[in-house]
Amino acid sequence: MDYFYFISELERKRAQKMVLLPKESADCIVRLAKHVTISQDGIEKAAELYLKCAQEERFSPNGWWKSHELNPKDQTSPSTLDWVFLADTLNFSFWAEKGKPYEITFEGKTYTGYWSLCAAMNRAIKEGYNITSPTFYADVSLETLKHIFRSDSGREIPLLSERHRVLHETGKCLVEKFNSSFATCVTMAKNSSQSLLKIVLENFPSYRDDATIDGQHVTFYKRAQILIADIWLCFEGKGYGAFDDIDTLSIFADYRVPQALCYLGALKYSEELEMKLKSDELLPNGDRYEVEIRGGSIKACELICQYIKQKQKEGTVSQDVPVNSILIDNFLWEYRRNNAKEMEHIPFHKTRCIYY
C-alpha cells in the first residue's frame with residue numbers, strides 16, 4: 001500500500017508541474033472553485049443571444065476586424081503584423097479609476113479603453129513616429145512614450161512605466177532574435193496557432209499569464225491568445241492569418257467578458273466575492289478570487305460553444321453559423337460595450353497588471 005501511495009504522490013506532483021493550456025486550466029479551476037459557479041440557464045441565454053447576432057457581418061470571421069475604423073486594413077504587409085503585435089503587447093489595464101477616464105480624440109472621435117491605445121498608436125504614426133518598428137520601441141525613452149500616449153483628459157495611461165519596460169524587453173528580443181519583425185515568428189510557426197503561442201511565450205516574458213490555485217499551475221495567456229486571434233481576424237484566415245488549429249484557442253480572460261457573463265446569468269458569484277467587488281476592492285494578480293473569475297469565464301464560453309455546436313449537430317442551427325471561442329469572446333466584449341449603462345450595476349473585478 002505504501003508503494004502505491006508513493007507512486008500516486010509522484011503522479012500528483014508531476015501533474016502539478018504540468019503546464020495546462022487555458023481550456024484545461026479552466027476545467028481545473030472550475031473543479032476547485034469556491035466562489036464562482038456556472039449556470040446552464042445563463043449559458044443557454046448567452047448562446048441564443050449570440051445566435052441572434054451571429055448573422056451580422058461584424059461578428060463573422062471576415063467582418064469583425066474591418067468593422068473597426070482604427071484597425072489597419074492592409075492584409076498583405078508585414079507592417080500590419082507589426083501594428084497588431086504592438087497593440088497586443090500593450091493591450092492591458094485600461095479600466096478607469098474613479099473620475100475622468102483615459103481618453104484620446106483622434107480624427108474627430110473620442111476613444112476610451114483598448115480603443116484609446118489604438119487611437120494613440122495611429123496618432124503617433126500620423127505624427128511621424130515609427131512606433132510599430134521594434135528598432136524604435138526597443139530604445140524609446142519614457143518621455144517620448146509619455147508624449148505618444150498623452151490623453152485629452154489629462155490622465156496618464158495606466159502603468160506607463162511598465163509599458164515602457166515591456167516595450168524595451170520585447171523590442172530588443174525582436175531585434176536580436178527575429179530580424180526586427182514579428183513576421184519572422186509567424187513564419188516560423190508554420191500555420192499553427194499553438195506553435196506561435198509557444199514561440200511567443202518562450203521569447204516574450206510579458207505574455208506569460210499564469211497563476212497557481214491549490215498548488216496547481218494554471219494558465220490564461222490572455223494577450224498571447226488574443227494576439228493570434230487578431231492576426232487570424234486581420235488577415236481573414238489567409239496569408240499570415242492562416243492557422244490550421246485556430247479553434248484550439250480559448251477566450252481571452254479579462255475583466256469585461258466576466259461582467260457580461262454575469263449580466264447574462266452564465267456566471268454566478270458567492271456573496272463573499274460579490275461584497276468584495278461591490279466595495280471596489282483591488283484584487284491582486286494571482287489572487288484566488290481573480291483566478292476563479294477568469295477560469296470560470298473561459299469554461300462558461302467553452303460551454304456556450306458546445307451548446308451551439310450541439311444545436312448544429314441536431315440540425316436546429318445552421319452549420320453555416322460560425323462559432324469558436326474567439327468569436328464568442330468578440331461578441332461578449334462588444335455586447336458589454338454596447339450595453340455599458342445597463343450593466344453598471346454588475347461589478348467587475350479590478351486588477352492592475354500587465355497581463356490583461
Side-chain angles (χ1 to χ4, degrees), residues 21-27 29-30 38-68 71 84 88 191-194 196-197 220-238 241-254 256-267 294-339:
L21 289 172
K23 289 183 182 182
E24 299 166 327
S25 294
D27 288 338
I29 293 167
V30 169
I38 296 173
S39 166
Q40 183 61 28
D41 288 344
I43 294 296
E44 294 179 12
K45 180 179 178 181
E48 294 296 339
L49 192 58
Y50 173 81
L51 287 171
K52 286 182 182 178
C53 300
Q55 301 300 331
E56 297 179 30
E57 176 64 18
R58 66 196 177 101
F59 289 120
S60 73
N62 298 334
W64 193 87
W65 184 266
K66 60 189 176 187
S67 71
H68 296 279
N71 289 336
V84 174
D88 285 317
N191 304 113
S192 168
S193 63
Q194 289 301 318
L196 184 54
L197 182 65
F220 304 102
Y221 300 153
K222 187 265 186 182
R223 288 196 296 109
Q225 290 194 113
I226 203 171
L227 165 64
I228 299 166
D230 281 346
I231 295 169
W232 177 64
L233 293 165
C234 173
F235 294 94
E236 297 184 353
K238 295 172 289 211
F243 297 109
D244 300 328
D245 55 351
I246 195 67
D247 289 353
T248 61
L249 300 184
S250 78
I251 66 147
F252 325 118
D254 65 354
R256 288 305 193 181
V257 168
Q259 186 182 25
L261 289 168
C262 281
Y263 179 75
L264 295 170
L267 284 187
R294 299 182 76 198
S297 299
I298 293 173
K299 184 61 180 178
C301 289
E302 286 306 303
L303 292 173
I304 292 170
C305 281
Q306 289 172 21
Y307 176 85
I308 295 171
K309 288 177 180 178
Q310 180 61 34
K311 289 280 188 180
Q312 289 177 323
K313 187 177 179 181
E314 293 169 355
T316 55
V317 170
S318 171
Q319 295 287 342
D320 294 332
V321 175
V323 59
N324 64 19
S325 297
I326 297 168
L327 301 175
I328 294 291
D329 186 285
N330 289 346
F331 164 71
L332 290 170
W333 191 77
E334 286 268 324
Y335 181 77
R336 202 289 312 175
R337 286 185 71 89
N338 294 337
N339 297 276

Among D247, T248, D329, which residue meets the side-chain hydrogen bond (donor to acceptor under 3.5 Å, both in side chains) test with N324? D247

Looking only at non-hydrogen atoms, find the nearest pair between S297 and L267 and report the distance. OG-CD1, 3.6 Å

Is there side-chain contact between L327 and P61, with at least one heavy-atom pair below 4.5 Å? yes

side-chain contact (heavy atoms from CB on, under 4.5 Å) between L21 and Q194, intermediate numbers included: CA-CA 10 Å; L21 289 172; Q194 289 301 318; 3.8 Å; yes

Would you say the side-chain atoms of S193 pair up with the backbone N or O of D245, donor to acceptor, closer than 3.5 Å? yes

Stepwise side-chain contact (heavy atoms from CB on, under 4.5 Å) check, F243 with I231: CA-CA 9 Å; F243 297 109; I231 295 169; 4.0 Å; yes

Would you please name every residue forming a salt bridge (Lys or Arg N to Asp or Glu O under 4.0 Å) with D27, sequence neighbours left out? K299

Can you tell if the side chain of L233 reaches within under 4.5 Å of the side chain of K66, non-hydrogen atoms only? no

Rounded distance [0.5 Å steps], CD1 in I251 versus CG in D254: 7.5 Å

Check whether any side-chain heavy atom of L264 sits under 4.5 Å from a side-chain heavy atom of L332, and report yes or no. yes

For I298 and P22, which heavy atoms make the closest approach, and how far apart are they? CG2-O, 4.0 Å

To the nearest 0.5 angstrom, please state how far the OH atom of Y263 sits from the NZ atom of K45. 7.0 Å

Kindly compute the distance separating CD (Q319) from CD (Q312), expressed to the nearest 0.5 Å. 5.0 Å

Side-chain donor-acceptor pairs under 3.5 Å in residues 220-227, sequence neighbours left out?
from, atom 1, to, atom 2, distance (Å)
R223, NE, I354, O, 2.9
R223, NH1, D88, O, 3.0
R223, NH1, T89, O, 3.1
R223, NH2, S206, O, 2.4
R223, NH2, S206, OG, 3.1
R223, NH2, I354, O, 3.4
Q225, OE1, S250, N, 3.0
Q225, NE2, F220, O, 3.3
Q225, NE2, S250, OG, 2.9

Could you grab the distance from atom CZ of F252 to atom CD1 of I328, nearest 0.5 Å is fine? 11.5 Å

Side chains of W232 and I228 in contact at under 4.5 Å (non-hydrogen atoms): no

For W333, does the six-membered ring have the charged nitrogen or CZ of R337 within the cation-pi criterion, i.e. under 6.0 angstrom from the centroid and within 45° of the normal? yes

For the CG atom of L249 and the CD1 atom of I326, what is their distance to the nearest 0.5 Å? 5.0 Å

Side-chain heavy-atom pair E334, H68 within 4.5 angstrom cut-off: yes

In terms of side-chain heavy atoms, does D244 have a donor or acceptor partner in N191 at a distance below 3.5 Å? no

Measure the shortest side-chain to side-chain distance between Y50 and V323 over non-hydrogen atoms and say whether it is less than 4.5 angstrom. yes

Below 3.5 Å, can you tabulate the donor-acceptor pairs from side chains in residues 300-308 to any protein atom, sequence neighbours excluded?
from, atom 1, to, atom 2, distance (Å)
E302, OE2, S325, OG, 2.6
Y307, OH, E48, OE2, 2.9

